[in-house]
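Below is one structure, written out as structure tokens, with a few remarks after it.
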Number of protein chains: 2
Amino acid sequence: MASYKDKKVITIGVVSELTGLSERKIRYYEERKLLAPERSKGGTRKYSFQDVERLVDIANKMEDGMQTFEIRKMEQRELKNKQLRERMLRGQINAAFNMRK
Amino acid sequence: MASYKDKKVITIGVVSELTGLSERKIRYYEERKLLAPERSKGGTRKYSFQDVERLVDIANKMEDGMQTFEIRKMEQRELKNKQLRERMLRGQINAAFNMRK
DNA sequence: CGTGTAAGGAATTCTGACACG
DNA sequence: CGTGTAAGGAATTCTGACACG
């Protein structure tokens, strides 16, 4: 499950280049709880490719005029829906398995 | 083809943590042409996860008493063999395809 | 609210060299 | 040959604040 995509290894300067967002914006979105980078011992932020993708998504939503708290809520909803779909899928698989008994 | 694994985005400090190798060693292996990180505008090195894997492999070979130039040659041989296998595979696929005509 | 910026300091990285073996 | 280390400087990042709107 945890692959390269989820490893927090990228510094903010590189994230800024990859996303085209200013460091200021990236730090601000963290302040608004839209992402959670890790920290080195010295305190420098480390991001994952997953975070980079999330930032691109956030940038799109900001362009659409959404506010940070709306984006946060939307992401929470999406996460819950995803978990729900997975639970239902597992349920169907279990049901199909039990029918064979 | 080019995925997260090949993106040069990791600084040497993180690579050092991920591999357990000293920064000195990592820079030295570059000097011996065993890997080729990219550079930021300011000159700081950027590595990929592919490079991290390569470094772990290099570390194992160094432990086995191999010298850097031997490792370099071995990797070149492996690369050529890999390319050869791919060429042969393509050749077989083409042959099978032509038989149908 | 979201973002730019100047400020001062701390963490990170760089190179070239000397040392040892 | 492979690696540690001290040295000095440069690039990178951090925080808290002020500004604007």
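Ion pairing between B:Lys61 and B:Glu70 fails under the 4.0 Å rule for side-chain N and carboxylate O. Look at A:Glu86 and A:Arg90 and you find no salt bridge, because none of the NZ, NE, NH1 or NH2 atoms lies under 4.0 Å from a carboxylate O. Under 4.0 Å is where a charged nitrogen must lie from a carboxylate oxygen, and between B:Arg27 and B:Glu23 at least one such pair does.
Straight-line distance from the CD1 atom of B:Ile12 to the P atom of C:dT13: 7 Å, rounded to whole Å. The separation between B:Ile26 atom CD1 and C:dT13 atom P is 10 Å, rounded to whole Å. Distance A:Glu23 CD to D:dT12 P: 10 Å, rounded to the nearest Å. At whole-Å resolution of the value, CZ in B:Arg72 and C1' in D:dG2 are 14 Å apart. Remark: P of C:dT12 and CD1 of B:Ile10 are 16 Å apart, rounded to the nearest angstrom. Note: CZ (A:Phe69) to C1' (C:dG2) measures 14 Å, nearest angstrom. Straight-line distance from the CD1 atom of B:Ile58 to the C1' atom of D:dG2: 13 Å, rounded to whole Å. Rounding to whole angstrom units, CD of residue A:Glu17 and P of D:dT13 are separated by 9 Å.
One distance of note links CE of B:Met74 with CE of B:Met66; it measures 3.5 Å at 0.5 Å rounding. Rounding to the nearest 0.5 Å gives a distance of 9.0 Å between OG1 of B:Thr19 and CD1 of B:Ile12.
Cluster membership for B:Val56 and B:Ile10, using ILVMFWY side-chain heavy atoms within less than 4.5 angstrom, is not shared.
The shortest distance between the side-chain N/O atoms of B:Tyr28 and the OP1/OP2 oxygens of D:dG2 is below 4.0 Å. One finds no side-chain N or O of A:Arg24 lying less than 4.0 angstrom from the OP1 or OP2 phosphate oxygen of C:dG2. Taking side-chain N and O atoms only, B:Thr11 has no distance below 4.0 Å to OP1 or OP2 of D:dT12.
Contacts between residues 29-48 of chain A and DNA chain C, defined by a heavy-atom separation under 4.0 Å, are made by A:Tyr29, A:Arg32, A:Ser40, A:Gly42, A:Thr44.
Heavy atoms from other residues, nucleotides or ligands lying under 6.0 Å from NZ of B:Lys46 number more than 12.
Pairs of residues two or more places apart, or lying in two chains, that qualify as ring-ring contact (aromatic ring centres under 6.0 Å, His included) and include a residue from residues 38-68 of chain B are A:Tyr4-B:Phe49.
Stem analysis of DNA chain C (at least three stacked-register Watson-Crick or G-U pairs, each with both distances under 3.5 Å) gives C:2-5 with D:17-20, C:17-20 with D:2-5.
Across all their heavy atoms, A:Ile58 and A:Ile71 have their closest contact at O-CD1, 4.0 Å.
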